[in-house]
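What follows is one structure encoded as structure tokens, with my remarks underneath.
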Amino acid sequence: MCLAIPMRVTSVQGDPDDFTTSQIATVDADGISREVRLDIVDHWPAVGDYVIIHAGFAIHSLDEEEALKNITLLRQLAESTPEELLS
């Protein structure tokens with residue numbers, strides 16, 4: 001099963017109008033930081049925005065309220081999932 005998760009943007013590199021630049025954002029969720037590609041995101045993010053991440057790509061932007069709801073639901077899902085299914 002594939003999941004896309006909301007993460008907060010902590011830095012942005014590149015130019016949205018210049019595909020020859022490295023269009024990369026650093027994102028964070030619960031202290032886990034990753035670099036992701038911005039090639040296909042629907043809206044060029046700013047620091048502090050939330051984006052949905054899937055397979056190393058930011059694919060969609062969302063507002064903070066929606067992002068925090070999704071993060072809460074993912075935490076509840078992880079807490080209620082039997083340990084043997086998580087490994």
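What you see is a predicted model, and the numbers here were worked out from it, not measured in a lab.
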Heavy-atom pair with the smallest gap, counting every atom of I32 and M7: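 For I32 and M7, the tightest heavy-atom pair comes out as O-CE, 3.5 Å.
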Give me the atom names and distance for the closest heavy-atom approach of P6 to I71.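 In terms of heavy atoms, the two residues are closest at CG-CG1, 3.6 Å.
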Roughly how far, to the nearest 0.5 Å, is CD of Q23 from CG of D18?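 Interatomic distance, D18 CG to Q23 CD, rounded to 0.5 Å: 7.5 Å.
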Between N70 and I5, is there a side-chain heavy-atom distance shorter than 4.5 Å?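 Not touching, per the 4.5 Å side-chain cut-off.
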Does the distance from a Lys or Arg side-chain N to an Asp or Glu carboxylate O, for R75 and E79, drop under 4.0 Å? no
Show your reasoning for whether side chain to side chain contact (heavy atoms under 4.5 Å, CB included) applies to R37 and I24. CA-CA 5 Å; R37 302 281 316 181; I24 294 174; 4.3 Å; yes
When clusters are formed by joining ILVMFWY residues with side-chain heavy atoms under 4.5 Å apart, either directly or through shared neighbours, do V27 and L62 land in the same one?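 The answer is no; the residues belong to distinct hydrophobic clusters.
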Enumerate, atom names and distances included, each donor-acceptor pair closer than 3.5 Å involving a side-chain atom of residues 9-17, sequence neighbours excluded.
{"unit_1": "T10", "atom_1": "OG1", "unit_2": "T26", "atom_2": "O", "d": "3.1"}
{"unit_1": "S11", "atom_1": "OG", "unit_2": "T26", "atom_2": "OG1", "d": "3.1"}
{"unit_1": "D15", "atom_1": "OD1", "unit_2": "D17", "atom_2": "N", "d": "2.8"}

Ignoring hydrogens and angles, write down the donor-acceptor pairs under 3.5 Å from the side chains of residues 40-60, residues two or more places apart or on other chains.
{"unit_1": "D42", "atom_1": "OD1", "unit_2": "S61", "atom_2": "N", "d": "2.7"}
{"unit_1": "D42", "atom_1": "OD1", "unit_2": "S61", "atom_2": "OG", "d": "3.2"}
{"unit_1": "D42", "atom_1": "OD2", "unit_2": "H60", "atom_2": "ND1", "d": "3.2"}
{"unit_1": "D42", "atom_1": "OD2", "unit_2": "S61", "atom_2": "OG", "d": "3.4"}
{"unit_1": "D49", "atom_1": "OD2", "unit_2": "A46", "atom_2": "N", "d": "2.8"}
{"unit_1": "H54", "atom_1": "ND1", "unit_2": "L3", "atom_2": "O", "d": "3.3"}

